[in-house]
Amino acid sequence: MTSNLLAQLNENQAAAAAHYTGPALVIAGAGSGKTRTLIYRIAHLIQAHDVDPGEILAVTFTNKAAAEMRDRASHLIAGADRLWMSTFHSAGVRILRTYGEYIGLRRGFVIYDDDDQLDIFKEVMGSIPGIGPDTTPRVLRGIIDRAKSNLQSPADLDKWPEPYISGIPRAAAAEVYRRYEARKKGQNAVDFGDLITETVRLFKEVPEALDRIQHKAKFIHVDEYQDTNKAQYELTRLLAQRDKNLLVVGDPDQSIYKFRGADIQNILDFQKDYPGAVVYRLEHNYRSSARVLGLANTLIENNTERLEKVLKPVKPQGEAVSFYRANDNRAEGDFIAERVTLLHAQGQPLSSMAVLYRTNSQSRSIEESLRRLGIPNKIVGGVGFYDRREIKDILSYARLSINPSDDVALRRIIARPRRGIGDTALEKLLLWAQINHTSLLTACEHAEQILERGANKATEFAALMHEFAQAAENYSPSAFLRLLIESSGYLDLLVQEGQEGAARLENLNELVSAAEEWSREHEGDISAFLDDAALLASVDDMRTKVENKGAPEDALTMMTLHNAKGLEFPTVFIVGVEEGLLPSRNSLNERGGIEEERRLFYVGITRAMDRLFLTAAQNRMQYGKTNSTEDSRFLEELGTDHFDTIDQYGRVIDYRAKTWRDYRTSTVKSATGSVKNTSPLSAEMAYKGGEKVSHPKFGTGQVLAVSGLGDRQEVTVHFGNETGMKKLIVKYANLTKL
């Protein structure tokens, strides 16, 4: 039975599954069957070594992954119901329910969710020096959650090397942390972070409890080890320190959650932490075509923080990877919509295709292109652009500016940001407005007659809205929206919210761009723009309602690259492969930032099973201004040998074979002949990439990318001096091949 079991695996999978005792590291590439290997290893322990299922622990990160492991184990292993398969947090709950009293947790303790946490922060933050009225509970929760993932106490925040933590004075942040913990303790409650940190504290302070758990978890498995943070790492170390029967599975090339506290060093240093650990490599990829994997391997080889691994394709060559450089982000969206329509007409379900982007703000122009062609789509891990909170907030400011009777808009924004107008004051204002048959904004103007305290806050708000109302008559829609963002206090609010606020600000910048694009095609003021935005939002809302009914709708999937981890699709579009997007601007100044962005791109590439499209825009509208862009450095690392270029005429150019084919008819023609017939360029003047060239002004350089044919052929050249990269039209560039 045992030999038959392992015979169902490939050679490397079987070797890892046959591992018995001692530490082991399984480096599992994308699509290499890591979950299958993990389940078969557990089955092998039981069948070949008579290990009691109750002595086996398998930990992963999500409830979905844990449920999948349990389901697959139940079909393979007798006694699978006795296996301990759970998330880190679920394991913590189980341990604390049993032994929590040893560290002061009373029986029946409750677990607070996100909203419960925010309620406590609202209670404790008010009287602490350094916590201003514009500070949001979410900022404080983010600080404390990160501290817990790093096993940091309030005292550690007191010793923070910088005077501020996410814009909050370190002493104030530490005091909030102390009061928050005291409040939870008084209410016999824990939060999700405590489920791990308190378990670590239990093990360190009560060795007897650790010893009992170690007897119940003699064989430990940790999936996605590259995503563990310091607290999870320490919990794993304590559990495994006696028997060292720890097998971890992961891939440092897919470590993309540093912003959540994940530490790639945990997997890179595994062999140092556990001397004598056996390393197994799962390199056979069953998901993607050979061409997709060739691209992925070439890209990730540029990283230094990794463990050696090369994905080996099981599937054949497949379709060539295609790259499209659009004129702007609208053309990029149109290209995606057209290609999706064509593939769907050829028989491919919409649900088998996905569009991946670096930031949520990129979805707006793509959504609009899809909407014009009537392509159903769903956004995973997010909502439609006009349904996002920050978009609704700023549009509510605009609505109230042009319609002072809009009480719904006022109630939405009166505390965004907080202005010292609490719920009690708002109810008094509302009652006065109802009695006098007028609007809430009018009540704010007369607040001195209504409120005993804080009347000036309400009158200041009314004065601000009066200024906005005047500006609405004289500003263009995009300029007016920019004014609202900056002058309402909303911008300062988002700056304080750290990384989450930065993502919301990107969406607001995209809203300004949407208004600027609208103005180029329509005549009208902010009122007319709001009408069109409302119509777009209603379409999003209707789409959401259809999805919520559970109807089996065939829809294109859209999501960020981070949300795509663990998924796969026959066809994938990765959009915005440009400097400043992928890699992101923020990564340029972070230690290891570029390598993590490269890993993120790698994750996106390896989601594609059969077809992969990469896109970039030569010009991208951001914050209402059109800026020229540069192709991502990652494209330069790949070179044109790994993908074909689709030009603006829909021709797929293969620079290796010197041919092009029409995308719709698949008719193949000679690229050389095409150049000869359509352009005065000679064959000697045409480029395929990689050539050394000289320019009269810029000096010597190397051609990194080529697009277009004939007199429209354009090259991206990197010059080795301060000039850097330049995009040049070959016909006019006066380049000389060296």
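Values in this document were obtained by computation on a predicted structure and should not be read as measured data.
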Is a side-chain donor-acceptor pair under 3.5 Å present for D273 with Y233?
-> yes
Using 30° and 60° as the class limits, which term best fits the ring planes of F259 and H562: parallel, tilted or perpendicular?
-> perpendicular
Determine, for E568 against R287, whether the closest basic-nitrogen to carboxylate-oxygen distance falls under 4.0 angstrom.
-> yes
I would like to know whether R146 and S166 meet side chain to side chain donor-acceptor pair (under 3.5 Å); could you show each step before the answer?
-> CA-CA 11 Å; R146 285 193 298 274; S166 297; 2.8 Å; yes
Out of M85, H221, M69, which one pairs with T60 under the side chain to side chain contact (heavy atoms under 4.5 Å, CB included) rule?
-> M69
Side-chain donor-acceptor pair under 3.5 Å between T615 and E332, yes or no?
-> yes
N266 side-chain N/O to T228 backbone N/O, donor-acceptor pair under 3.5 Å = yes
Between the side chains of S289 and R611, does any donor sit under 3.5 Å from an acceptor?
-> no
With sequence neighbours excluded, tell me which residues meet ring-ring contact (aromatic ring centres under 6.0 Å, His included) with F573.
-> F613
Where the side chain of Q226 meets the backbone of I267, is there a donor-acceptor pair that is under 3.5 Å apart?
-> no
N619 and S628: side-chain donor and acceptor closer than 3.5 Å?
-> no
Between E579 and R585, does at least one N-O distance fall below 4.0 Å, as a salt bridge requires?
-> no
Can we say D610 and K315 salt-bridge, meaning some charged N sits less than 4.0 Å from an Asp/Glu carboxylate O?
-> yes
Polar contact flag, side-chain donor to acceptor under 3.5 angstrom, E596-S255 = no
Do NZ/NE/NH1/NH2 and the carboxylate oxygens of K230 and E234 come within less than 4.0 Å?
-> no
Does a donor on one side chain and an acceptor on the other come within less than 3.5 Å for S369 and R372?
-> yes
For Y490, the ring-ring contact (aromatic ring centres under 6.0 Å, His included) test, sequence neighbours excluded, returns none
Answer yes when K309 and E283 have at least one side-chain N-carboxylate O distance shorter than 4.0 Å, and no when they do not.
-> no
Short side-chain donor-acceptor distance under 3.5 Å, Y257 and N229 | no
Is E595 salt-bridged to K258, cutoff N-O under 4.0 Å?
-> no
Heavy-atom count around Y164 OH within 6.0 Å, excluding the residue itself: above 12?
-> no
Ion pair check, D253 and R598, cut-off under 4.0 Å | no
Do the side-chain N and O atoms of N563 and T560 include a donor-acceptor pair separated by under 3.5 angstrom?
-> yes
Which residue pairs pass the salt bridge (charged side-chain N to carboxylate O under 4.0 Å, His left out) test with at least one member in residues 348-358, sequence neighbours excluded?
-> R358-E597
Looking at R141 and D191, does any basic side-chain N land under 4.0 Å from a carboxylate oxygen?
-> no
For R325 and T629, test the side chains for any donor-to-acceptor distance below 3.5 angstrom and give the result as yes or no.
-> no
